[in-house]
Trainee: 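I have a structure I would like to understand better, so I am pasting it below and will then ask my questions one at a time.
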Amino acid sequence: MDPDEVVALTPAEQSDAVGRGVVADVVRLRRTLEEVLARLTDAEVAAPSRLPGWTRGHVLAHLAGVGSGAARQLEHARARRLVDFYDGGRPARDAAIEAGAGASAEVHARDVLAAALRVESALAALGPEDWDAPTRYRDQPATAVAHAWWRELAIHLVDLDLAVGHDAWSPALLDHLVEFLAPRVPDGVLVALVPGGGASRWELGDGALVRVHAERAEDLVAWLAGREPSRPVTAERDGEPASLPELGPWP
């Protein structure tokens with residue numbers, strides 16, 4: 001084969017290639033989480049997280065539940081079976097978080113890492129034809145489940161407030177988060193996200209232009225995700241300082 005010849009991928013192969021990129025970043029984030037959990041203390045578990053009203057124990061219990069739910073979706077997707085993400089729906093999910101939040105650091109580390117590794121095992125088992133298999137996660141395919149776990153792992157790793165910041169988010173994850181969170185931009189507004197004082201990196205919405213500035217791209221994405229940025233985020237309209245747009249709910 002001519003080394004310069006372009007090889008066209010089938011849709012399944014394209015999904016597989018994209019999925020493998022997500023898997024690699026998921027593994028990287030899980031290793032960072034593993035390092036954090038290795039030095040976690042019971043006192044730190046009981047302390048507040050960055051999420052209002054939640055301790056670190058709540059965040060960890062949520063991560064364990066999301067991981068188990070995501071793994072189950074992926075495992076059943078391979079067999080072309082549909083199952084609910086949480087048995088008992090949102091009420092059961094919330095009850096499990098409250099019940100598990102007060103566990104010891106050792107138990108949280110065990111449960112979260114077991115769930116994370118189960119997701120990775122399920123992802124590794126997906127073949128090219130499995131990424132588009134249907135699931136009950138928002139009635140979307142297995143690819144969407146992989147993306148959901150990617151988001152949850154990355155965002156909640158920072159929410160733990162244990163010396164991991166938004167700079168742990170890869171460029172690929174930043175692009176994905178912006179695409180996923182774009183519906184939060186209010187109607188009638190075009191938001192240009194401008195890192196480092198240069199050109200806009202992302203433009204979201206449609207309407208009156210608001211330029212949102214930050215020194216680093218990850219701070220812009222943190223703001224879009226409803227998290228407290230590490231550095232100031234400001235806005236301008238027509239060259240004048242302005243209030244930041246009021247974002248809508250998570251999609």
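Below, all heavy atoms of this structure are taken into account, side chains as well, without hydrogens, waters or symmetry copies.
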Trainee: Transitively linked via ILVMFWY side-chain contacts under 4.5 Å: V145 with Y86?
Mentor: yes
Trainee: Using a strict cut-off of less than 4.0 Å between a Lys/Arg side-chain nitrogen and an Asp/Glu carboxylate oxygen, indicate whether D87 and R93 qualify as a salt bridge.
Mentor: no
Trainee: Can you give me the closest heavy-atom contact between A125 and D130, atom names plus distance?
Mentor: O-OD2, 4.1 Å
Trainee: Check the pair V27, E120 against side chain to side chain contact (heavy atoms under 4.5 Å, CB included), reporting the backbone distance first and the verdict last.
Mentor: CA-CA 7 Å; V27 171; E120 289 177 28; 3.6 Å; yes
Trainee: Do V194 and V221 land in one hydrophobic cluster if side-chain heavy atoms of ILVMFWY residues count as linked below 4.5 Å?
Mentor: no
Trainee: Which atom names give the shortest non-hydrogen contact between A101 and V45, and what distance separates them?
Mentor: O-CG1, 3.9 Å
Trainee: Does one hydrophobic cluster hold both V189 and V212, with members joined at side-chain heavy-atom distances below 4.5 Å?
Mentor: yes
Trainee: Output the distance between atom CZ (R216) and atom CG (L174), rounded to the nearest 0.5 Å.
Mentor: 10.0 Å
Trainee: State, to 0.1 Å, how close A46 and T55 come at their nearest heavy-atom pair, and which atoms those are.
Mentor: O-CG2, 3.5 Å
Trainee: Considering only NZ, NE, NH1 and NH2 on the basic side and carboxylate oxygens on the acidic side, decide whether R136 and D84 come within less than 4.0 Å.
Mentor: yes
Trainee: Please check if the side chain of R201 supplies one atom and the backbone of P195 the other of a donor-acceptor pair under 3.5 Å.
Mentor: no
Trainee: Find out whether L74 and W131 are in side-chain contact, i.e. whether some heavy atom of one side chain is under 4.5 Å from a heavy atom of the other.
Mentor: no
Trainee: Under a 3.5 Å distance rule, please check whether W149 uses its side chain to pair with a backbone N or O of A144 as donor and acceptor.
Mentor: no
Trainee: For E44 and T41, indicate whether the former's side chain and the latter's backbone hold a donor-acceptor pair under 3.5 Å.
Mentor: yes
Trainee: Can you measure from CG (L181) to CG (L204) and round to the nearest 0.5 angstrom?
Mentor: 9.0 Å
Trainee: Give me the ring orientation class for H156 and H62: parallel if the planes are under 30° apart, tilted from 30 to 60°, perpendicular past 60°.
Mentor: perpendicular
Trainee: By the definition side-chain contact (heavy atoms from CB on, under 4.5 Å), identify the one residue from V119, V66, L173, V26 that meets it with L153.
Mentor: V26
Trainee: Hey, is the main chain of Q73 close enough, under 3.5 Å, to the side chain of T135 for a donor-acceptor pair?
Mentor: no
Trainee: Any non-hydrogen side-chain atom of V191 less than 4.5 Å from a side-chain atom of L193?
Mentor: yes
Trainee: So does G67 get a backbone contact from the side chain of R118, meaning a donor-acceptor N/O pair under 3.5 Å?
Mentor: no
Trainee: Would you find a donor on one side and an acceptor on the other, under 3.5 Å apart, between the side chain of R56 and the backbone of S49?
Mentor: no
Trainee: In the structure I gave you, are the side-chain heavy atoms of R184 and P249 within less than 4.5 Å of one another anywhere?
Mentor: no
Trainee: Which is it for D25 and R28 under the salt bridge (charged side-chain N to carboxylate O under 4.0 Å, His left out) test, yes or no, and what are the steps along the way?
Mentor: CA-CA 5 Å; D25 205 42; R28 179 187 65 84; 2.7 Å; yes
Trainee: Just verifying a value: how many Å separate S243 OG and E236 CD, rounded to the nearest 0.5 Å?
Mentor: 13.0 Å
Trainee: Between W169 and A154, is there a donor-acceptor pair closer than 3.5 Å when you use the side chain of the first and the backbone of the second?
Mentor: yes
Trainee: Closest heavy-atom contact between A146 and V22?
Mentor: O-CG1, 4.0 Å
Trainee: Please step through salt bridge (charged side-chain N to carboxylate O under 4.0 Å, His left out) for the pair D219 and R231, ending with a clear verdict.
Mentor: CA-CA 6 Å; D219 290 308; R231 304 165 189 83; 2.8 Å; yes
Trainee: Quick one, L177 with I155, criterion side chain to side chain contact (heavy atoms under 4.5 Å, CB included). Give me CA distance, side-chain angles, the key distance, then yes/no.
Mentor: CA-CA 10 Å; L177 286 173; I155 291 174; 3.9 Å; yes
Trainee: Is the closest side-chain heavy-atom distance between P134 and D139 below 4.5 Å?
Mentor: no
Trainee: Stepwise, does the side chain to side chain contact (heavy atoms under 4.5 Å, CB included) test hold for L40 with L60?
Mentor: CA-CA 11 Å; L40 185 67; L60 291 167; 3.7 Å; yes
Trainee: Rounded to the nearest 0.5 Å, how far does NE2 of H58 lie from CG of L63?
Mentor: 13.5 Å
Trainee: Where the side chain of D175 meets the backbone of A172, is there a donor-acceptor pair that is under 3.5 Å apart?
Mentor: no
Trainee: Side chain of S68, backbone of A64: donor and acceptor closer than 3.5 Å?
Mentor: yes
Trainee: Could you identify which residues cluster with L209, counting Ile, Leu, Val, Met, Phe, Trp and Tyr as linked when any side-chain heavy atoms lie under 4.5 Å apart, either directly or through a chain of such contacts?
Mentor: L190
Trainee: Is a salt bridge present between E35 and R31, judged by a nitrogen-to-oxygen distance below 4.0 Å?
Mentor: no
Trainee: Does atom CZ of R78 have more than 12 heavy-atom neighbours from other groups under 6.0 Å away?
Mentor: no
Trainee: Do R227 and H166 have side-chain N/O donor and acceptor atoms under 3.5 Å apart?
Mentor: no
Trainee: Which heavy atom of L157 sits nearest a heavy atom of L29, and at what distance?
Mentor: CD2-O, 4.0 Å
Trainee: Establish whether F180 and V158 are linked, either directly or via other cluster members, by ILVMFWY side-chain heavy-atom contacts under 4.5 Å.
Mentor: yes
Trainee: According to ring pair (Phe, Tyr, Trp, His ring centres under 6.0 Å), does anything in residues 192-225 pair up with another residue at least two apart or in another chain? List the pairs.
Mentor: none
Trainee: Look only at the side chain of E34 and the backbone of L113, and say whether a donor-acceptor pair between them is shorter than 3.5 Å.
Mentor: no
Trainee: With a 4.5 Å limit on heavy-atom distance, are the side chains of P245 and V210 in contact?
Mentor: yes
Trainee: Against the six-membered ring of F85, is R72 placed for a cation-pi contact (under 6.0 Å from the centre, within 45° of the normal)?
Mentor: no
Trainee: Hydrophobic clustering (ILVMFWY, side-chain heavy atoms < 4.5 Å, transitive) - are L244 and V185 grouped together?
Mentor: yes
Trainee: Assess whether side chain to side chain contact (heavy atoms under 4.5 Å, CB included) is satisfied between W54 and D159, documenting all intermediate values.
Mentor: CA-CA 10 Å; W54 270 18; D159 287 338; over 6 Å; no
Trainee: What are the two closest non-hydrogen atoms of G100 and A61, and how far apart are they?
Mentor: C-CB, 4.0 Å
